[in-house]
Structures are given as structure tokens and as C-alpha cells.
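Comments concern the structure below.
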Protein chains: 2
Amino acid sequence: MDNLSTTEENYIKAIYHLQQADSTVSTNDVAAKLNTKAASVTDMLKRLNTKQVLNYEKYRGFSLSDEGERVALGIVRKHRLWEFFLVEKLQFGWDEVHAIAEELEHITSKVLIERLDNFLGNPKFDPHGDPIPDSNGKIQTLPQINLVDMPIGETAKVSAVGSQSTELLELLTHKKIAIGTPITIKKKFSFDNSLEIETYSDQRFTISRELALALFVTKQQL
Amino acid sequence: MDNLSTTEENYIKAIYHLQQADSTVSTNDVAAKLNTKAASVTDMLKRLNTKQVLNYEKYRGFSLSDEGERVALGIVRKHRLWEFFLVEKLQFGWDEVHAIAEELEHITSKVLIERLDNFLGNPKFDPHGDPIPDSNGKIQTLPQINLVDMPIGETAKVSAVGSQSTELLELLTHKKIAIGTPITIKKKFSFDNSLEIETYSDQRFTISRELALALFVTKQQL
DNA sequence: TAAATATTTTAGGCAAATCTAAATTATTTA
DNA sequence: TAAATAATTTAGATTTGCCTAAAATATTTA
């Protein structure tokens, strides 16, 4: 079941992401996410149900079937690989790539995406730190914690960010922090909950609690 | 007028290419090119006419307006830049890239295509030797001749190929001839019209008339 | 040039994806 | 638990893009 329209794929992806955030997803949730109306969602739920990508009983809710999840992971894989391409090869900022990747993710060629993956060096995480599913849909999850929860003296690498705003990107660019940057907690100030951190040997400075809350770190390899 | 659907863009592109081959284009020509029916073409001609990309009077023919031509050149530019990307960066053979580029050419981002152009080194010709329009729609045309018409002793660079078949690609790959390869005519054999040519200092061999007819060369820089 | 043929257009219909308004079912609250 | 409210679904329309069959126009040929 791979003959899905772009619109059908967008519904599947939306349901997948909503399911990740909260395992019970409503018609209204999907309508809100896709800027459409509940009635349109119901129409599509019926279509996706006949196409076997959904478990759906009217008035009683719905969720992706195994096949639906497989499809969703394929789309997510393409989306994140293209985002990686746009940031790494075409010098886009991470806040600029989402809309473009939304289009590129619907390009159908299977071999294209495998070659792109190789060309990019088989990255495991996209520019926001989100995991890129492999061609079998397997996701590499990292045991990551919020930077504010890291003990003093420990070092870990930035593995994800809590927002994709231009404002955050600007701040991180200025402080030379990116996915993969190693950070050591040097001191915690209880007055304003700011943190003194060290990134590279000579880079030591203070960051606000707001910024620390937006950073997630891991000790695993990226 | 840039809010065009993929389908509308495909019609514009088809009309553009048909116009290049023969300045008078018929409803049936377009239908044949797009694997559709004449009645469907008429429907679309009316739509494109109201969108100002066509000059159309019913029963009396049609052609692209200046705006339509501008749109067509934008699509051709995207198509050929993506083909270049697929061949140069992702190691596709030139006979494999057309279908994928047909999808990629409809990605809308303007800045994407400008960055891709820079990333690829602002190529002027695609992997088949077809010119890539610049962002203003300007095409760099080459004074090129068929290889069989090049005089003995002269050298010129391969600038285009007459077919995009897998068979031709296979032969050229084997003989290490590509777009840009310099060729010198060493001898012409009238018995079978074969040509002895030299590509690089130590590469001298004979090619058939069939192959020579499929190669176009230029003395200009590529 | 009139008839035959070919081309193009119109008429009417269908499927996908969307909408609004109304009806149905589920959930909350008094 | 019954009424009020919220969520979901149905009914009926709209637009895009396509189709077939029939009508209108253009072109060719006898």
C-alpha cells in the first residue's frame, strides 16, 4: 500500500506525530494540526481506513495500523534527511528548512532517498536532534536529559533542542552551540538559576535557565 | 502568477518543449505528450488562458505568453539543476534521473533552487548537455555541430548527446566519453564511415557512424 | 467547391479533497 | 440521570482534473 496521495501522506504523518505526543488522538486534533475542518478529517479517516493504514471505528476513535506506522516512519525519514541536506549542504538555518522539507518528503523514489542517505554520511539525527529512522523504520533513541538536570562537573553532548524558533537558533549560533557540541557544567547559580558552562577548552560562559531548558544532552555517541 | 498547480506546470512545460521542436502546437500534440485526451487539454487551455500564461483562441490555436514562457523556463531550470545534482552528487546514470527530476522540478522554494545552483557550482549545462536557464530565464546557447561534420585534425568538446538511452550511456561510459570530453578527429574511413578519434593524450580509438551521429561538439567553453 | 475526414470543443459525469450546515453520538455537569 | 455541551459524522456543494460521446469547426480531397 504505497500508492498514497500527498494529502493522504500528510494525514498519516500528522496522526503519527500527534500519537507520539499523546497516544489518544481526536478528529479535532488532526483538523487543528492540518488547518482543516473536522468534517474533512472524517472523510479522510474513512479513506485511510479502507486503505488499511488506520484502525478506525466511527465515534470511537482511531490510530495508525502497523502499516500506517511504517508509512509514517518512511515519510519522517525522508523529511529529516532532506532537512539534514538543506542545513549541511545548502547552508540553510534550521528554522528555514521545515517548509521546504514538507514538500521534498513526498518525492517518491526509494533509491533516491537511499543515495541521499549515503551522500550525507548516513546521519542518525537531523539538525534539530530528532532521530532519522533507518530504511527499516528503526529509530535510534538516545538516553537524553535536560541540561538543567546535568550534575556539576559532568560533560555531555548537545543532542536536541526544545524549540525550532529563529530566536533560539540566533542565540545558539552566537554562542557557537550546535547539535554535537560537548558541554560541561561548571557552576550553578541559585539566585537566577543560570549555569556556567564550558563548550571547548577556551569557551566558558554563563547561560540563562531559559536557554538551558531548551537544550537536551546525551553521553552516547551522536 | 506563480500559484500554479503541478498539473498546470506540466502543461506549460509540455507546450514549451513542443513549441521548441515545432512552433505550431496542437491540442492533440499536447494530449499525446501528456498521455491524456484532447478534451482534457481543451479544459486546461481555457484555465491557462484565464491565468494569462497562454495566448489562446478556440479552434485557432495557442502559444505560451511571455509570462508562460517565463514560467516554463523556471521549471526547465529546476529540472536540469536537479538532474545535475542527481548525476554529479548522487551518482545516478543520466538515463535514470528524468523521472525523479520530474517530481523535484515542482518544489516551489525560490531560495532553495538558488542555493542548489551555487552548491553545484552554477552549471550551465545538464548531464545531457542541455542548457540550464539562469535565474532570469536566460539560456546559454552553444554553436555546436554534429561530430560527423567536424573536419579532420580539429578538436572540440562534447557538448550534448542526441539520445538519453541507457544503451548510449553504457557505450559512452565504457569509452570514457562524457559531456566536456575533448575529442580530436584523427581519420575518417569512408568504407563504413567510422571515425578514428583521440580523447585524452593516450586514448585513441575508432567509433561507429551511429555513435558519432549521437554526439554534438563545440569549441566554446562549457 | 462540396463532401469526407480530421481536429477541436462542448456537454455531462466521475473521483479526490475540501467546505458549511445539520444531524448524530459521546461526554460533562447540574 | 437527564439536560446541556462538545465532538463527530452525514448531507450536500464546490473545485480540479480527468473521462466519453456528441457537436462544432477546420482541413483535405475528389
Hey, does [X] reach any base, or is it just sugar-phosphate, or nothing, if we go heavy atoms under 4.0 Å?
X: B:Thr27; result: sugar-phosphate
X: A:Thr42; result: base
X: B:Phe62; result: nothing
X: B:Ser40; result: base

Write down the distance between [atom1] ([X]) and [atom2] ([N]), rounded to a whole number of angstrom.
X: A:Asp43; N: D:dT15; atom1: CG; atom2: C1'; result: 15 Å
X: A:Glu57; N: D:dT8; atom1: CD; atom2: P; result: 15 Å
X: B:Met44; N: D:dT15; atom1: CE; atom2: C1'; result: 12 Å
X: B:Asn28; N: D:dT25; atom1: CG; atom2: P; result: 18 Å
X: B:Arg60; N: C:dT8; atom1: CZ; atom2: C1'; result: 13 Å
X: A:Lys46; N: D:dT9; atom1: NZ; atom2: P; result: 8 Å
X: B:Leu34; N: D:dC19; atom1: CG; atom2: P; result: 10 Å
X: A:Leu45; N: D:dT10; atom1: CG; atom2: C1'; result: 14 Å

Under-4.0 Å side-chain N/O to phosphate OP1/OP2 contact, A:Tyr11 with C:dT18: yes
Side-chain N,O (A:Lys58) to OP1/OP2 (D:dT10) below 4.0 Å: yes
Under 3.5 Å donor-acceptor, B:Lys78 side chain and B:Glu105 backbone: yes
Of the listed nucleotides C:dC19, D:dT9, D:dA26, the one nearest the side chain of A:Thr36: C:dC19
Donor + acceptor pair across side chains of B:His98, B:Gln164 (<3.5 Å): no
Step-by-step salt bridge (charged side-chain N to carboxylate O under 4.0 Å, His left out) determination, A:Glu67 to A:Arg70: CA-CA 5 Å; A:Glu67 173 63 12; A:Arg70 207 191 56 78; 3.1 Å; yes
Donor-acceptor pair (no angle test) under 3.5 Å: B:Tyr59 side chain, C:dT7 base: no
Centroid separation B:Phe85 to A:Phe85 less than 6.0 Å: yes
Short N-O contact, A:Lys13 and A:Glu9, less than 4.0 angstrom: no
